[in-house]
Amino acid sequence: ASYRTGANQLHGRVARDSCDFSGDIDSYKIEYIRHLSKDAQLWVSYEALDNDALRAPPSSSGDSMSQFQLGARYDF
């Protein structure tokens, strides 16, 4: 879901990746975007991936993870 008023935008996402073989992953993300102009924006976001306790994929420890982002974008 996303809500924008003026130059401010709030975006959120909830997702579930369900797998019988390697377990489930729940993903949550909240993001604030400040539109400086038509071509420029700043954002800050936080995302959490909550793994199933029994999940142990070969490419990951199986632990839950989170990520914080701070960024700027300019389209030219």
Side-chain angles (χ1 to χ4, degrees):
S2 186
Y3 176 75
R4 182 171 177 177
T5 178
N8 302 298
Q9 182 176 356
L10 190 60
H11 177 253
R13 176 179 49 80
V14 176
R16 169 170 229 141
D17 180 11
S18 184
C19 180
D20 292 336
F21 178 71
S22 59
D24 300 333
I25 297 178
D26 294 326
S27 172
Y28 311 93
K29 184 174 186 177
I30 186 77
E31 181 175 45
Y32 169 75
I33 305 161
R34 174 69 179 180
H35 296 268
L36 303 174
S37 70
K38 179 182 167 189
D39 301 327
Q41 55 186 269
L42 302 173
W43 78 88
V44 60
S45 69
Y46 177 76
E47 182 173 14
L49 299 173
D50 295 334
N51 284 328
D52 188 331
L54 302 175
R55 183 179 176 87
S59 63
S60 173
S61 66
D63 296 334
S64 295
M65 299 172 274
S66 63
Q67 173 177 281
F68 175 78
Q69 289 183 344
L70 179 64
R73 176 178 172 162
Y74 181 76
D75 297 322
F76 52 94

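The salt bridge (Lys or Arg N to Asp or Glu O under 4.0 Å) pairs that include a residue from residues 64-76 are Arg73-Asp75, where partners are two or more places apart or lie in different chains. The stretch residues 38-47 participates, sequence neighbours left out, in these salt bridge (Lys or Arg N to Asp or Glu O under 4.0 Å) pairs: Arg13-Glu47.
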Under 3.5 Å, which donor-acceptor pairs link side chains of residues 29-36 to any protein atom two or more places apart or in another chain?
from  : atom 1 : to   : atom 2 : distance (Å)
Tyr32 : OH     : Asn8 : OD1    : 2.4
Arg34 : NH1    : Asn8 : OD1    : 2.9
His35 : NE2    : Gln9 : OE1    : 2.8

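A search for side-chain contact (heavy atoms from CB on, under 4.5 Å) contacts involving Thr5 returns Tyr3, not counting sequence neighbours.
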